[in-house]
Amino acid sequence: MDAAWIGLLGVGVGAIATTGGTLITGYFAGRRAAKAALLESRTGAYSAFIASCGLIAFTATEARLIIATRSGIVETARLLTGSHKPVDPEGIIALFRHDLDPLYQSWSNVWTVGSREAITLANEVLDQVSLLIAKGSEPGKARGPLGTTLRGHAWTNEQQAAFQAELERLAILRRDFTTLARQETGHAVVEFFRAGASPFS
């Protein structure tokens with residue numbers, strides 16, 4: 001093989017090596033970019049879901065306060081004079097729906113970009129939200145029909161304990177989801193509650 005062919009062969013091998021190197025570099029660069037994009041999407045979806053869960057806990061407590069303060073004979077007098085509008089079940093449902101819309105949207109985003117573990121935990125959170133809403137919107141049974149008519153709704157100790165238990169269960173699930181989110185997005189795991197303390201203490 002003469003020198004010309006050897007030179008051409010050398011050029012060809014060099015070109016192949018260069019092209020191969022470029023392709024490999026581009027492949028790994030593309031994978032890094034895709035991984036970064038997924039991480040960004042998951043961070044946004046997880047953060048929105050965590051925030052929405054916190055709003056639901058606040059709204060459930062607010063719903064109980066509304067039920068208590070907007071009932072009884074004093075409230076009836078206000079309704080008769082037109083100074084207050086009545087609060088009915090539709091109003092309570094609307095109160096929750098205002099916060100449920102972003103919760104369901106963020107849940108859908110977790111389903112779209114989240115890991116299998118995150119989706120499973122998010123589903124548990126949604127189940128718990130349903131239980132909390134049911135407890136937060138139930139009428140008080142402490143005073144009976146006549147007492148409720150005169151003095152407004154009040155809840156028995158058993159009802160209060162059950163409601164608090166549902167609140168704490170949601171807080172724990174929210175903490176667990178946040179811990180998983182931090183692990184998946186490369187952040188150190190931290191303690192969210194004081195050791196041995198209730199999430200709401």
Side-chain angles (χ1 to χ4, degrees), residues 46-107 110 118 120-182 189-201:
Y46 292 172
S47 296
F49 186 72
I50 292 164
S52 298
C53 292
L55 286 175
I56 288 293
F58 174 80
T59 302
T61 304
E62 184 182 16
R64 281 216 158 186
L65 180 62
I66 291 173
I67 292 171
T69 58
R70 298 296 299 276
S71 59
I73 193 168
V74 173
E75 181 62 19
T76 300
R78 290 171 177 163
L79 293 176
L80 291 174
T81 60
S83 61
H84 274 186
K85 293 182 179 180
V87 176
D88 55 17
E90 288 293 328
I92 298 298
I93 292 171
L95 184 69
F96 280 108
R97 186 180 295 123
H98 182 268
D99 291 334
L100 282 173
D101 286 345
L103 177 65
Y104 278 110
Q105 181 60 56
S106 60
W107 182 39
V110 172
T120 298
L121 195 50
N123 292 345
E124 290 185 41
V125 169
L126 262 292
D127 289 341
Q128 184 59 31
V129 164
S130 297
L131 294 174
L132 180 60
I133 289 175
K135 290 296 181 184
S137 57
E138 70 176 350
K141 299 177 180 179
R143 289 175 176 158
L146 179 59
T148 299
T149 300
L150 295 175
R151 300 173 58 196
H153 284 278
W155 290 266
T156 64
N157 290 336
E158 291 77 11
Q159 284 182 300
Q160 293 283 36
F163 178 64
Q164 186 67 22
E166 302 296 359
L167 269 177
E168 293 192 4
R169 175 62 179 158
L170 179 60
I172 289 170
L173 285 171
R174 183 171 178 251
R175 176 203 62 190
D176 293 345
F177 186 89
T178 305
T179 297
L180 177 64
R182 291 179 69 92
V189 175
V190 298
E191 192 65 42
F192 297 101
F193 308 133
R194 289 184 289 114
S198 163
F200 293 95
S201 63

CZ of Arg143 to CH2 of Trp155: how many Å apart, nearest 0.5 Å?
9.0 Å
Taking atom CD of Glu62 and atom CG of Leu55, what is their separation to the nearest 0.5 Å?
10.5 Å
For His153 and Pro139, which heavy atoms make the closest approach, and how far apart are they?
CE1-CB, 3.5 Å
Heavy atoms, side chains only, cut-off 4.5 Å: are Leu103 and Leu126 in contact?
yes
Check the pair Val129, Leu100 against side-chain contact (heavy atoms from CB on, under 4.5 Å), reporting the backbone distance first and the verdict last.
CA-CA 9 Å; Val129 164; Leu100 282 173; 4.1 Å; yes
Restricting to non-hydrogen atoms, name the atom on Ala181 and the atom on Ile50 that form the minimum distance, rounded to 0.1 Å.
CB-CD1, 4.4 Å
Could you tell me the separation between the CD1 atom of Ile133 and the OG1 atom of Thr59, rounded to the nearest 0.5 Å?
8.5 Å
If you compare all heavy atoms of Ala60 against all heavy atoms of Leu132, which two are closest, and at what distance to 0.1 Å?
CB-CG, 3.8 Å
Take Thr179 and Arg182 through the side-chain contact (heavy atoms from CB on, under 4.5 Å) test and state the conclusion after the steps.
CA-CA 5 Å; Thr179 297; Arg182 291 179 69 92; 5.9 Å; no
Donor-acceptor check, side chain of Arg64 to backbone of Lys135, threshold 3.5 angstrom: yes or no?
yes
Using side-chain contact (heavy atoms from CB on, under 4.5 Å), reason through Leu167 and Thr61 one step at a time and then give a plain yes or no.
CA-CA 9 Å; Leu167 269 177; Thr61 304; 4.0 Å; yes
For the student: nearest non-hydrogen atoms of Cys53 and Leu170, plus distance:
O-CD2, 4.0 Å
How would you list all residue pairs meeting side-chain hydrogen bond (donor to acceptor under 3.5 Å, both in side chains) that involve residues 120-129, not counting sequence neighbours?
Trp107-Asn123, Trp111-Asn123, Gln128-Glu166
What I'd like to find out is whether the side chain of Leu173 reaches to under 4.5 Å of the side chain of Arg169, using heavy atoms alone.
yes
Taken in chain and number order and not counting sequence neighbours, the residues that satisfy ring pair (Phe, Tyr, Trp, His ring centres under 6.0 Å) with Phe177 are Tyr46, Phe49
Could you pull out the closest heavy-atom pair between Gly136 and Ala63, with the gap in Å?
O-CB, 4.0 Å
At what distance, to the nearest 0.5 angstrom, does CD of Glu138 lie from CD of Gln159?
4.5 Å
